[in-house]
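A quick write-up on the structure given underneath.
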Amino acid sequence: MKTLSCDTVRHASSSQQPKARTYKGARVLTLVLISIAVLVIDAFTKRLVSHVSEGTLIVGPYLGIFDIRFVKNTGAAWGIFSNATFLLGVFSVVLCTGVFVYFLTTHHRMNWAKTIGLALIIGGGFGNAIDRFALGYVIDFIETTFIKFPIFNVADMGVTCGIVIFLCGLFVQSSHPHTHEEASRIHDAQECSV
């Protein structure tokens with residue numbers, strides 16, 4: 001096995017700092033861009049369906065899977081917390097802000113799956129919060145036809161998919177905490193500090 005001198009390890013470590021900063025910048029940019037994309041797509045699709053009366057079937061069903069039906073949701077899924085839309089909006093903003101702070105404080109340990117998952121959660125959470133504050137309700141419109149399930153929207157899909165992707169990233173990261181190259185670099189750096 002190739003042994004590195006302490007000077008070589010220090011030099012390699014210092015030469016990788018710009019790369020690490022670039023990688024961090026790419027993750028932050030990815031998080032922001034995906035969050036904004038979810039917000040924009042969510043707002044656009046809600047605007048497309050909100051011109052009809054509540055409860056109206058707009059189109060569908062598609063492949064026997066879902067149809068598009070406009071409803072106003074003043075609570076959460078399955079009708080819980082009905083008429084608590086303002087408090088749910090505040091909760092969404094606080095939660096999304098907390099998720100963003102978590103990302104900023106742990107960015108050095110973030111893999112791409114966790115970054116993308118958090119971005120989807122933030123974009124979806126803020127998308128529904130904007131509805132709650134601006135309209136007093138959330139516009140939902142995707143209705144499953146093959147199973148009884150609450151009507152949802154793009155923001156809800158962002159949050160749900162974001163949680164799944166984040167948990168997958170967490171699982172992968174805990175299964176493989178260090179690549180061989182990282183483990184070797186950590187080992188060499190530890191030997192130099194002795």
Side-chain angles (χ1 to χ4, degrees), residues 27-63 65-107 110 112-170:
R27 285 182 297 202
V28 171
L29 183 62
T30 299
L31 181 112
V32 169
L33 290 178
I34 291 174
S35 296
I36 290 171
V38 171
L39 272 170
V40 169
I41 295 167
D42 181 59
F44 177 73
T45 54
K46 287 173 178 174
R47 186 177 176 107
L48 287 176
V49 302
S50 63
H51 65 281
V52 299
S53 303
E54 183 179 9
T56 301
L57 176 65
I58 300 169
V59 289
Y62 290 107
L63 305 173
I65 298 173
F66 71 96
D67 56 37
I68 305 297
R69 181 184 307 273
F70 170 55
V71 295
K72 298 176 181 177
N73 182 358
T74 59
W78 289 285
I80 59 173
F81 304 116
S82 185
N83 299 318
T85 193
F86 181 79
L87 291 175
L88 288 168
V90 170
F91 177 75
S92 292
V93 169
V94 169
L95 188 64
C96 289
T97 303
V99 168
F100 187 66
V101 169
Y102 168 76
F103 171 78
L104 291 178
T105 58
T106 61
H107 66 272
M110 285 285 161
W112 284 108
K114 288 169 67 177
T115 300
I116 291 167
L118 293 180
L120 292 169
I121 293 168
I122 292 168
F126 277 123
N128 280 341
I130 289 169
D131 272 11
R132 293 185 191 283
F133 295 132
L135 304 172
Y137 57 87
V138 172
I139 296 172
D140 286 332
F141 58 90
I142 303 169
E143 180 180 40
T144 56
T145 54
F146 67 97
I147 189 172
K148 187 72 174 162
F149 195 76
I151 299 175
F152 56 96
N153 58 38
V154 172
D156 297 331
M157 291 187 332
V159 171
T160 304
C161 292
I163 290 169
V164 171
I165 292 169
F166 177 81
L167 291 175
C168 288
L170 199 60

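Predicted, not measured: the structure shown is a model, and the values here were computed from it. All residue numbers refer to positions in the sequence shown, counting from 1.
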Least distance between heavy atoms, [X] atom then [Y] atom:
X	Y	result
Ser35	Ala119	OG-O, 3.0 Å
Asn128	Ala155	OD1-CB, 3.5 Å
Ser82	Thr74	OG-OG1, 3.9 Å
Met157	Ile142	SD-CD1, 4.1 Å
Ala129	Gly89	CB-O, 4.0 Å

Would you mind reporting whether [Y] and [X] have side-chain heavy atoms less than 4.5 Å apart?
X	Y	answer
Lys114	Phe103	no
Asn153	Lys46	yes
Ile68	Val49	yes
Arg47	Ile139	no
Ile34	Ile122	no
Phe126	Thr97	yes
Glu143	Phe66	no
Leu118	Tyr102	yes

Quick check for you: to the nearest 0.5 Å, what is the distance between [X] atom [atom1] and [Y] atom [atom2]?
X	Y	atom1	atom2	answer
Phe100	Thr105	CZ	OG1	10.5 Å
Leu88	Asp131	CG	CG	12.5 Å
Ser92	Ile121	OG	CD1	12.0 Å
Leu39	Ile130	CG	CD1	5.0 Å

Treating [X] as the side-chain partner and [Y] as the backbone partner, does any N or O pair qualify as donor plus acceptor under 3.5 Å?
X	Y	answer
Thr45	Asp42	yes
Arg69	Phe141	no
Thr56	Val52	no
Thr115	Arg27	no

Practice item. Check the pair Val93 / Phe133 against side-chain contact (heavy atoms from CB on, under 4.5 Å), numbers first and verdict last. Key: CA-CA 11 Å; Val93 169; Phe133 295 132; 3.7 Å; yes
**Study point:** Donor-acceptor side-chain pairing of Thr145 and Asp67 below 3.5 angstrom
**Key:** no
**Study point:** Intermediate values then yes/no, side-chain contact (heavy atoms from CB on, under 4.5 Å), Asp140 and Asp156
**Key:** CA-CA 9 Å; Asp140 286 332; Asp156 297 331; 3.5 Å; yes
Point to revise | Worked verdict on Thr30 versus Trp112 for side-chain contact (heavy atoms from CB on, under 4.5 Å) | key: CA-CA 9 Å; Thr30 299; Trp112 284 108; 3.2 Å; yes
**Study point:** Over 12 non-hydrogen atoms of neighbours within 6.0 angstrom of OH in Tyr137
**Key:** yes
Point to revise | Evaluation steps, side-chain contact (heavy atoms from CB on, under 4.5 Å), between Lys72 and Val138 | key: CA-CA 6 Å; Lys72 298 176 181 177; Val138 172; over 6 Å; no
